[in-house]
Colleague: 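The structure is given below, and queries will be raised subsequently.
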Amino acid sequence: MAHDFLPGMESSAISVLKRAVELDHSSRFQEALVCYQEGIQLLLDALKAVKDDSKKVHYREKIKGYMDRAEQIKDHANKLKEEGKYHEQIKIADSATGFSYESLFKPYIRDALTEVWVEDPYVRHVHQLYNFLRFCEMLLKSPCQVKTIHLLTSLDEDRSAPQTSALAEIKQSLQCQNICLDIQYSSTIHDREIRFNNGWIIKIGRGLDYFKKPKGRFSLGYCDYDLRECHETTVDVFHTKHTKKTSS
């Protein structure tokens, strides 16, 4: 039975590792590292089902090559982090897909993460509030232990607008999951930045609001944001050993 699954495991591993090499060549090292790790695990699973000795040797050589490259990336990234020089840039093309919050932030929330700062002047309109809620849901589902989320945004002066009531509801909902949402307003905020207390800083040109409207209520991408088209924007990723402290 295991032999029947081998072609499927091989093709999955090839697909993931091909993506790893593409990301590697684009200097998107953290994303490449995640794909290398996933691809290597798929190859190790496939190796268990291989009976032919010569094929086993081939698999082991491939696995060693990818493991060596993954280690090189890890060492290179760690060196840049130590020197405070880590920077990678992701360009999201107009109408591109595959950039849900889960996909974009996954490489940076694998380390110990307990506190997040979101600075975005435009968390005001309904779709922007849903974006922020979706970001919070992504953090809750991720393999980390976020306890505090800080949001700094601008206040919608329209008293009938849903901003304050929506954020209060999100705050209450997060509280039920033992996560504190700290909300602050600023009339001068302009820059957009997301900062994690594991050292990662992500600056998105359009903030969290980089998705296009779906083509229709029953169009692909309405529910799954990996299938949602994006506006053109640039994501800059940095790493620092000095993170913000919680406000006293």
Side-chain angles (χ1 to χ4, degrees), residues 11-39 42 66 69-70 73 77 80 86-110 113 116-144 151 153 190-196 200-239:
S11 61
S12 295
I14 289 167
S15 176
V16 173
L17 289 164
K18 183 181 177 185
R19 177 65 176 154
V21 172
E22 289 171 356
L23 291 165
D24 194 349
H25 288 166
S26 300
S27 298
R28 289 164 63 177
F29 296 124
Q30 288 301 125
E31 293 171 278
L33 187 57
V34 170
C35 287
Y36 276 127
Q37 290 167 339
E38 290 177 355
L42 286 168
Y66 289 124
R69 180 54 189 156
I73 289 175
L80 291 176
Y86 190 97
H87 174 227
E88 64 177 288
Q89 188 174 83
I90 302 165
K91 291 187 179 293
I92 300 178
D94 185 55
S95 298
T97 57
F99 290 96
S100 68
Y101 296 146
E102 285 83 359
S103 296
L104 184 61
F105 291 103
K106 182 180 179 180
Y108 314 108
I109 55 178
R110 296 169 74 88
L113 174 61
V116 176
W117 291 263
V118 178
E119 295 182 7
D120 191 326
Y122 300 108
V123 183
R124 297 189 301 198
H125 301 306
V126 171
H127 75 280
Q128 295 165 344
L129 291 159
Y130 274 123
N131 284 341
F132 179 67
L133 174 60
R134 193 167 287 107
F135 176 78
C136 292
E137 289 174 337
M138 179 272 299
L139 289 173
L140 190 65
K141 289 164 59 182
S142 298
C144 60
L151 172 64
T153 189
H190 179 266
D191 292 342
R192 300 160 175 86
E193 176 178 290
I194 295 169
R195 187 181 290 254
F196 297 156
W200 291 110
I201 302 167
I202 297 98
K203 298 186 178 187
I204 308 172
R206 297 182 62 97
L208 291 172
D209 190 12
Y210 59 85
F211 296 108
K212 291 187 175 184
K213 287 183 178 179
K215 291 183 169 64
R217 290 175 60 195
F218 296 95
S219 298
L220 292 176
Y222 188 87
C223 298
D224 187 339
Y225 273 57
D226 268 321
L227 301 174
R228 178 75 69 92
E229 291 186 350
C230 299
H231 291 288
E232 181 178 349
T233 194
T234 300
V235 182
D236 285 289
V237 181
F238 304 90
H239 189 276

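When a residue number appears, it is its place in the shown sequence, counting from 1.
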Colleague: Going through the distances and angles, do Y210 and V235 end up as a side-chain contact (heavy atoms from CB on, under 4.5 Å)?
Modeller: CA-CA 11 Å; Y210 59 85; V235 182; over 6 Å; no
Colleague: Considering only NZ, NE, NH1 and NH2 on the basic side and carboxylate oxygens on the acidic side, decide whether K215 and E229 come within less than 4.0 Å.
Modeller: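 Between E229 and K215 there is a salt bridge, with a charged N closer than 4.0 Å to a carboxylate O.
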Colleague: Compare all side-chain heavy atoms of E137 with those of Y101 and state whether any distance is below 4.5 angstrom.
Modeller: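 With C-beta onward as the side chain, the pair stays apart.
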Colleague: Should I204 and I92 count as side-chain neighbours, where that means a heavy-atom distance under 4.5 Å?
Modeller: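 Answer no - side chains too far apart.
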Colleague: Are any non-hydrogen side-chain atoms of L129 and V123 less than 4.5 angstrom apart?
Modeller: yes
Colleague: Before you tell me yes or no, could you show the steps for L23 and Q30 under side-chain contact (heavy atoms from CB on, under 4.5 Å), namely the whole-Å CA-CA distance, both residues' side-chain angles and the distance that decides it to 0.1 Å?
Modeller: CA-CA 9 Å; L23 291 165; Q30 288 301 125; over 6 Å; no
Colleague: Any non-hydrogen side-chain atom of T153 less than 4.5 Å from a side-chain atom of Y122?
Modeller: no
Colleague: Does the ring centre of F135 sit less than 6.0 Å away from the ring centre of F105?
Modeller: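 F105 vs F135: aromatic centres under 6.0 Å.
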Colleague: With no hydrogens and no angle check, just 3.5 Å: does a side-chain donor-acceptor pair link R134 and Y225?
Modeller: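 There is such a pair (donor and acceptor under 3.5 Å, judged by atom type) between the side chains of R134 and Y225.
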Colleague: Between K212 and S95, is a side-chain contact (heavy atoms from CB on, under 4.5 Å) present by the stated rule, with each step listed?
Modeller: CA-CA 8 Å; K212 291 187 175 184; S95 298; 2.9 Å; yes
Colleague: More than 12 foreign heavy atoms under 6.0 Å from NE2 of H127: is that the case here?
Modeller: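 More than 12 heavy atoms, drawn from other residues, nucleotides or ligands, come within 6.0 Å of this atom.
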Colleague: Count the heavy atoms belonging to other residues, nucleotides or ligands that lie under 6.0 Å from CG of L220, then report whether that count exceeds 12.
Modeller: no
Colleague: Are any non-hydrogen side-chain atoms of E31 and I90 less than 4.5 angstrom apart?
Modeller: yes
Colleague: side-chain contact (heavy atoms from CB on, under 4.5 Å) between I109 and W200: does it pass, once the steps are laid out?
Modeller: CA-CA 9 Å; I109 55 178; W200 291 110; over 6 Å; no
